[in-house]
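Each remark here refers to the structure printed beneath this line.
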Amino acid sequence: MSHPPHPPYTVRPATTADVDGARRLMLDTFYRDFGYGYLPEWHRDVIDIEATYLDHPRHLLLVARHGDEVVATTGVRSAGPAHPPHPRRLAERYPPGTTAQLVRVYVRPRHRRHGLARTLVRQACDFVAETPGYDSIYLHTNVDVEGAEAFWRGIAKEVFDARTTGEHGPGVGTVHFEIPCTADARPRLVPVTVDGVS
């Protein structure tokens, strides 16, 4: 049985032409994968993607497109974990300004297992390493989402497992991670070629 070839993808920084598609993907993820929908206190950036990512020189939104559709995203914001809901010690360890937070690492289900998330995260880490003023790369994830925990454990170091604290409420297993910020200290992310994008 032959398998169809991987479809061609374009991976690049988002432009205004990508905003609506990126927003649709993010909102679909909140409702479909997370099961709790849009929450303004957590997802404000999704409503104003332009101001949050496109207009800020130290922020970045990367997209993967398949044809006319945005099928994956990854964002970088100069912010650490907010207290509350996150523990004060994490907010102090990862202050805004010097912390690059990886956010919105989402891939549409039918486009998973093509290396898109890994490619986007690698490019986001490269952006952080080349942007003056960042000391650390921080992220947190809901490990109750299928594949999330294994993915992040493969490329990042756990700094706090908040599943027992219930910091985001029932059904959200939050684990906090860090990726070394400098290019020579970051774990090697296995190079992936996505139709010419490696």
Side-chain angles (χ1 to χ4, degrees), residues 14 21-49 52-53 59-64 70-94 96 99-125 128 136-180 186-187 189:
R23 184 179 297 116
R24 269 193 303 277
L25 169 58
M26 293 173 189
L27 291 171
D28 287 350
T29 302
F30 301 153
Y31 285 93
R32 182 195 61 240
D33 292 342
F34 298 164
Y36 48 70
Y38 171 79
L39 298 170
E41 63 272 24
W42 295 351
H43 307 135
R44 198 169 300 116
D45 61 300
V46 175
I47 298 306
D48 198 356
I49 288 175
T52 304
Y53 299 103
H59 292 186
L60 174 71
L61 181 65
L62 292 164
V63 295
V70 173
V71 298
T73 59
T74 293
V76 175
R77 292 196 318 245
S78 60
H83 169 75
H86 306 296
R88 180 181 305 278
R89 64 186 163 87
L90 283 179
E92 291 170 352
R93 179 175 175 173
Y94 300 106
T99 300
Q101 183 173 176
L102 294 185
V103 295
R104 313 294 175 232
V105 182
Y106 305 145
V107 180
R108 287 208 179 275
R110 70 183 178 279
H111 295 278
R112 292 176 184 164
R113 310 291 184 262
H114 292 288
L116 292 174
R118 194 168 287 270
T119 298
L120 289 164
V121 167
R122 190 178 73 251
Q123 289 188 14
C125 289
V128 172
S136 59
I137 301 172
Y138 159 86
L139 67 110
H140 63 269
T141 192
N142 180 356
V143 295
D144 294 333
V145 174
E146 183 181 351
E149 184 170 10
F151 174 77
W152 290 114
R153 289 195 185 281
I155 59 177
K157 180 183 98 174
E158 178 189 313
V159 292
F160 180 61
D161 187 334
R163 282 179 275 200
T164 59
T165 70
E167 65 182 36
H168 280 123
V172 183
T174 305
V175 177
H176 301 263
F177 292 94
E178 180 178 329
I179 298 174
R186 278 200 312 274
L189 301 180

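What you see below is based on every heavy atom in this structure, not just the backbone, and it leaves out hydrogens, waters and symmetry mates. All of these numbers come straight from a predicted model, not from anything done at the bench.
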For a quick test of reading the model, state the closest non-hydrogen atom pair linking [X] to [Y] and the distance between them.
| X | Y | result |
| --- | --- | --- |
| Ala124 | Leu60 | CA-CD2, 4.5 Å |
| Tyr138 | Pro81 | OH-CB, 3.3 Å |
| Val76 | Ala100 | CG1-CB, 4.0 Å |
| Ala148 | Val143 | CB-CA, 4.4 Å |
| Pro109 | Arg32 | CD-NH2, 3.3 Å |
| Gly80 | Gln101 | O-NE2, 3.3 Å |

For the residue pair [X] and [Y], establish whether any side-chain heavy-atom pair is separated by less than 4.5 Å.
| X | Y | value |
| --- | --- | --- |
| Thr165 | Pro87 | no |
| Phe160 | His86 | no |
| Tyr38 | Met26 | no |
| Arg118 | Ile155 | yes |

- prompt: Which of parallel (below 30°), tilted (30 to 60°) and perpendicular (above 60°) describes Tyr106 and Phe30?
  reply: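 Correct class here is perpendicular.
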- prompt: Would Trp42 and Tyr36 count as a close aromatic pair, with their ring centres under 6.0 Å?
  reply: yes
task: Check whether NZ of the Lys or CZ of the Arg Arg112 lies under 6.0 Å from the centre of the six-membered ring of Phe151 and within 45 degrees of that ring's axis.
output: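 No.
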So how far is it from [X] [atom1] to [Y] [atom2], rounded to the nearest 0.5 Å?
| X | Y | atom1 | atom2 | value |
| --- | --- | --- | --- | --- |
| Arg93 | Thr99 | CZ | OG1 | 10.0 Å |
| Leu27 | Ile47 | CG | CD1 | 6.0 Å |
| Leu102 | Leu120 | CG | CG | 10.5 Å |
| Leu116 | Thr74 | CG | OG1 | 9.5 Å |
| Asp45 | Thr52 | CG | OG1 | 5.5 Å |
| Leu139 | Trp152 | CG | CH2 | 4.5 Å |

message: If you count heavy atoms of other groups shown closer than 6.0 angstrom to CD of Glu41, is the number above 12?
response: yes
Option passing salt bridge (Lys or Arg N to Asp or Glu O under 4.0 Å) with Asp28 (candidates Arg108, Arg23, Arg110): Arg108
Backbone N or O of [Y] within a donor-acceptor pair of the [X] side chain at under 3.5 Å?
| X | Y | result |
| --- | --- | --- |
| Arg77 | Tyr53 | no |
| Thr73 | Arg104 | yes |
| His140 | Thr174 | no |

message: If only side-chain N and O atoms count, and only distance matters, is there a donor-acceptor pair under 3.5 Å linking Tyr94 with Glu178?
response: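 Yes, Tyr94 and Glu178 have a side-chain donor paired with an acceptor closer than 3.5 Å.
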- prompt: Out of Asp144, Leu39, Val145, which one pairs with Phe34 under the side-chain contact (heavy atoms from CB on, under 4.5 Å) rule?
  reply: Val145
message: Would Arg163 and Val175 count as a side chain to side chain contact (heavy atoms under 4.5 Å, CB included) here? Give the steps.
response: CA-CA 7 Å; Arg163 282 179 275 200; Val175 177; 3.9 Å; yes
